[in-house]
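Let me begin by presenting the structure, written as structure tokens, before commenting on it.
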Amino acid sequence: MFAPLLQNLRDRRPLVHAITNYVTANDCANLLLACGASPIMADEPDEAPEITAHAAGLVLNLGTLHRTTIPAMVACGKTANQKGIPVVLDPVGAGASQLRTATALRLLREVQFTVIRGNLSEVETLARGQGGAPGVDSTQRVTADNLDACCALVRDFAHRTGAVVALSGAVDLVSDGQRVFIIRNGHPMMRLVTGTGCQLSCLAGAFAAANPGQPLEAAAAAVCAMGLCGEMAHARLGPLDGSGSYRTYLMDAICRLTPDQLEKGARYELR
């Protein structure tokens with residue numbers, strides 16, 4: 001199912017405009033290059049919408065939120081909607097502060113998103129429209145005990161927003177409001193590398209840009225690819241390797257991932 005989507009990404013090399021946070025911007029740009037896309041990072045309000053108009057995809061990340069970048073995010077989102085460009089929202093830390101929550105909810109009101117990717121607390125915060133959730137490093141996880149409830153959450157939120165919702169964690173859920181992919185790729189060591197979630201959002205933006213009209217499949221392919229590469233990176237670790245080596249191996253795996261590897265290595269069920 002996913003091999004053709006990765007091949008399209010490699011062949012089409014879409015330009016992805018990412019307004020992302022300064023903690024992970026470099027890794028996000030390098031991931032976009034590694035997966036086959038082309039990155040551009042512009043957050044100055046006077047130029048950002050113009051940059052978006054020339055891109056094939058847009059990613060908005062709230063990780064290091066500033067008052068100056070909020071107008072740029074809104075304007076770029078509206079430009080992308082007008083141009084038919086897919087838009088990904090990464091509501092980093094939604095629920096951790098009033099500004100983050102209010103900004104995420106404003107973006108949901110004013111921009112039609114193609115994909116919304118967050119952890120369980122972030123998705124719950126946006127779904128109920130208020131703050132108070134733990135935010136960036138949520139201890140809330142999708143487990144066997146709450147799997148059905150989490151599937152219902154992402155399905156309902158996707159239906160209400162018209163976006164594909166990708167809830168990431170030890171088990172990942174991706175829904176378009178009807179179907180839900182339950183994805184079991186990944187490795188716990190990914191939590192020791194800052195920004196893997198930000199990178200995943202950029203990867204989702206690249207897949208969506210290269211595969212117009214297939215937002216559910218594109219988001220699910222991105223989630224499977226990121227998790228599979230996390231597994232491949234861990235398999236390379238030697239006895240003296242730690243999180244620094246793992247970070248490098250993860251990028252290597254994304255760069256070298258083939259459509260056939262993704263097709264064979266993706267572990268998911270569809271409900």
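For T52, the side chain to side chain donor-acceptor pair (under 3.5 Å) test picks out H17, with sequence neighbours left out.
Side-chain N or O atoms of N146 include none that pairs as donor or acceptor with a backbone N or O of A149 at under 3.5 Å. In this structure a side-chain-to-backbone donor-acceptor pair under 3.5 Å is missing from R117 to D90. Between the side chain of E269 and the backbone N or O of I182 there is no donor-acceptor pair closer than 3.5 Å.
No more than 12 heavy atoms of other residues, nucleotides or ligands sit less than 6.0 Å from atom CD of E50. No more than 12 heavy atoms of other residues, nucleotides or ligands shown are found within 6.0 angstrom of CD on Q178.
In this structure, R247 pairs ionically with D27, as a charged nitrogen and a carboxylate oxygen lie closer than 4.0 Å. The pair R155-D176 fails the salt-bridge criterion, with no side-chain N (NZ, NE, NH1 or NH2) lying under 4.0 Å from an Asp/Glu carboxylate O. By the 4.0 Å N-to-carboxylate-O rule, E231 lies close enough to R267 to be salt-bridged with it.
Defined by atom type and a distance below 3.5 Å, a donor-acceptor pair is missing between the side-chain atoms of N211 and E217. Between the side chains of N21 and T24, at least one donor N or O lies within less than 3.5 Å of an accepting N or O. Residues R13 and S38 bring no donor and acceptor atom of their side chains to less than 3.5 Å of each other. A donor-acceptor pair shorter than 3.5 Å cannot be found between the side chains of D145 and T143. A donor and an acceptor atom, one from each side chain of N185 and Y268, are nowhere located under 3.5 Å apart.
Among L250, L203, T196, N26, the single residue meeting the side chain to side chain contact (heavy atoms under 4.5 Å, CB included) criterion with L31 is L203. Across V59, V88, N61, a single residue satisfies side chain to side chain contact (heavy atoms under 4.5 Å, CB included) together with C202, and that is V59.
Separating the CG atom in L167 from the OG atom in S121 is a distance of 9.0 Å, to the nearest 0.5 Å.
Looking at every heavy atom in both residues, T161 comes nearest to Q112 through O-NE2, 3.0 Å.
Taking the six-membered ring where the residue is Trp, the centroids of F207 and F2 are separated by 6.0 Å or more.
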